[in-house]
Amino acid sequence: MKTTISVATPAQLEAESLVAVVLNHADPAQNEKNKDAKPQLKLATDDPAVQAAAADLLASGELTGKAFETNLLHKPSGMKAKRLLLISGGSAKKFSSYDLRRVAGAAVRTLKSRGLRSLALIAPPQIPAEEATRAIVEGALVGNFDPDYYRSDRKNQKIDDLTIVAGKNEKKADLEKAAGEAQIIGESQNFARDLVNEPSNRMTPTILADRARKMCQEVGLKCEVFGADKIKEMKMGAFWSVAQGSDEPPALIVMKYEPSGAPQKPVIGLVGKGITFDTGGISIKPADGMEKMKYDMAGGATMIAAMRAIALLKPKVKVIGIVCATENMPSGHAQKPGDVQIAMSGKSIEIINTDAEGRLVLADGLHYAKQLGCTHLIDAATLTGAVVVALGMLNAGVFANDDAIYERFHKANQEAGEKMWRLPLDEEYMDQIRSSIADIMNTGGRWGGAINAAMFLQEFAEETPWIHLDIAGTAWMEEQKPWIAKGPSGIALRSLVEFVRSFAG
Ligand code: BES
Ligand code: MN
Ligand code: ZN
């Protein structure tokens, strides 16, 4: 998708479709009490021609003003555009760049489903122009993705050209820079979704490593991939304990971004869970819904895609990306409940449930990141069903062993417009995962399962400031929304990239 900034008068634009946002200025509290209260709809632009073209429709009383309501007018009078799409952003009072991102995605999905190829969206003046530009570009790219790769009737409908219509007093160069950066981020988010979308027979650990290597070559990153021999040689006993059950060779993917001029420290470590299929192993999962476990590499895909974005955005900070990729399979050489494994750090682990495999591969991934010199760690993983019980599919779970790193991440997360919620790591939870035969167990019972998993990981992050993101409930959209297709969401990529950039000042 090509992005252009225009500071022309909206009515003068020769667009295939001009898009204007409608906001409801009725007091939302008033509306709650009085269900008959009429929406007060106004366009988020002061262009008189666009207002005139929409006036009758807005005054008709036919519109609800609910977010994402759309109306398409052909040959709007007094304008050069062929079409005018009105799309509701919901309540004017609450309207933020979070909503604008989704409105842009919904506009893209509405128009591309009609076979249209380009649109010009009028940036709502309520939101500062650079922030609006970023939100529109990121949202439009997210909306442009569809996962129906293997359908013979795939139409591959896409918007090829996006124009952002900014106020005539805005500095075009600043907005072009914002749009360019947002484009890198949006495309990287879609790259993560592309990897996650592939089924396990087409996204083995080897294929994931090949995709990472290819990406690294394209953007100028160092990339090394280690196989079973090296994993065993490095004594990654936790990672190997999962990999040993599969006939597909595992891959330890290591990507390095070391820009000239970056200080020696900090070094940010991005560690991703790359289980390309999770059967549960000998503690096998029920058949119902198991097909979805192809997305158990979403954390790893997100780290690969984040490295891409970082390499292209070039912040002056060192970053190392590590993905522990393997299948989790039952077989004659699979590990069994009760087995004791020695992690790379030397800690012994009693395996209670072979389906708690994500924390095993991450244990060695986190330790290895420290060994490579990482001073700050962040991991992302579809780690537990329990986080879905706790937070549903709306918020990802965030854990941190240090308040300063949490605050930094939280700020990045707010800017990225992704929903996440912090969960606790009290020392007392450790009682849940103590073992009588080894240092720790890999599961801690049913209650607080997402926390038990995070406590386990903390044993390997140790004192290094660390963030853990449990994206099990948010990495896959169970249903389509106006702004995004059903399927992989690309969650966490934008927050990760903002987080890394925050270190570069
Ligand atoms: N990959 C799963 C977690 C998961 C569940 C991801 C649902 C996406 C959607 C993970 O490896 C797992 O199986 N976790 C177990 C842990 C349990 C055995 C302690 C779980 O959540 O049931
Ligand atoms: Mn599992
Ligand atoms: Zn898993």
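FYI, side chains are in, hydrogens and waters are out, and symmetry mates aren't considered; it's all heavy atoms of this structure. We count ligands from 1, going down the list as the structure has it; atoms in each ligand are counted the same way. Values in this document were obtained by computation on a predicted structure and should not be read as measured data.
Taking the N/O/S atoms of D278 in turn, the shortest distance to the Mn ion (ligand 2) belongs to OD2. Shortest distance from the Zn ion (ligand 3) to D278 is reached at OD2 (N/O/S atoms only). Minimum-distance N/O/S atom of E357 relative to the Zn ion (ligand 3): OE2. Between the Zn ion (ligand 3) and the N, O or S atoms of D296, the shortest distance is to OD2.
Within the 2.8 Å limit, G358 places no N, O or S atom next to the Zn ion (ligand 3). Under 2.8 Å from the Zn ion (ligand 3) lies no N/O/S atom of D355, from backbone or side chain alike.
The side chain of D296, and not its backbone, has at least one atom closer than 4.0 Å to an atom of ligand 1 (non-hydrogen atoms only; side chain from C-beta on). Here M293 has side-chain heavy atoms under 4.0 Å from ligand 1, and that is the only part of it that gets that close. Under 4.0 angstrom from ligand 1, there are no non-hydrogen atoms of M393. When heavy-atom distances to ligand 1 are checked against a 4.0 Å cut-off, M441 has no atom that comes that close, whether in backbone or side chain. Residue-level proximity to ligand 1 for Y295 is carried by the side chain, the only part with a heavy atom below 4.0 angstrom.
In terms of protein heavy-atom proximity, atom 19 (C) of ligand 1 is nearest to T443 CG2, 3.5 Å. Remark: minimum distance from atom 2 (C) of ligand 1 to any protein heavy atom is reached at D278 OD2, 3.5 Å. Annotation: atom 16 (C) of ligand 1 to nearest protein heavy atom, R359 NH2, 3.7 Å.
Taking every heavy atom of E357 and a limit of under 4.0 angstrom, the matching atoms of ligand 1 come to 11 (O). Residue N353 approaches ligand 1 through these ligand atoms, each under 4.0 Å from one of its heavy atoms: 18 (C). Close contacts between ligand 1 and T384 involve ligand atoms 3 (C), 21 (O) [criterion: under 4.0 Å to a heavy atom]. Atom numbering of ligand 1 starts at 1 in the shown order; those under 4.0 Å from a heavy atom of K273 are 1 (N), 10 (C), 11 (O).
Each of L270, L252, I253 was compared with V323 under the side chain to side chain contact (heavy atoms under 4.5 Å, CB included) criterion, and only I253 meets it. For the salt bridge (charged side-chain N to carboxylate O under 4.0 Å, His left out) with D146, the lone residue among R151, R109, R193 that qualifies is R109. Checking K256, M307, E258, R213 one by one against L221, the side chain to side chain contact (heavy atoms under 4.5 Å, CB included) holds for a single residue, M307.
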Decide yes or no on salt bridge (charged side-chain N to carboxylate O under 4.0 Å, His left out) for E224 and K230, but give the supporting numbers first. CA-CA 12 Å; E224 282 177 299; K230 189 74 198 266; over 6 Å; no

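Between the side chain of D339 and the main chain of I351, no donor-acceptor pair closer than 3.5 Å is present. Between the side chain of D402 and the backbone N or O of I405, at least one donor-acceptor pair lies under 3.5 Å.
Ion pairing between a basic and an acidic side chain is recognised when a charged N comes within 4.0 Å of a carboxylate O; D296 and K273 show such pairing. Comment: K94 does not engage D99 in a salt bridge, judged by the lack of any side-chain N to carboxylate O separation of less than 4.0 angstrom.
There is a protein heavy atom less than 4.0 angstrom from atom 14 (N) of ligand 1.
Aromatic ring orientation, H410 versus Y406: parallel (interplanar angle below 30°, classes split at 30° and 60°). Note: F226 and Y368 have perpendicular aromatic rings, judged against thresholds of 30 and 60 degrees for the angle between ring planes.
Selection from G289, G385, A475 by nearest heavy atom to atom 5 (C) of ligand 1 gives G385. Among D355, V387, V389, the residue whose heavy atom lies closest to atom 12 (C) of ligand 1 is D355. Evaluated by nearest non-hydrogen atom to atom 10 (C) of ligand 1, the leading choice among V361, I275, L383 is L383.
Side-chain contact of N328 with T279: a donor-acceptor pair under 3.5 Å is absent, judged by distance alone. Looking only at atom types and distance, the side chain of S241 has a donor-acceptor partner in the side chain of Q335 under 3.5 Å away.
For NZ of K222, the number of neighbouring non-hydrogen atoms (other residues, nucleotides, ligands) closer than 6.0 Å is 12 at most.
The O atom of D355, the Mn ion (ligand 2) and the OE1 atom of E357 define an angle of 70° (nearest 10 degrees).
No cation-pi contact links R422 to F409, judged by a cut-off of 6.0 Å to the six-membered ring centre and 45° from its axis.
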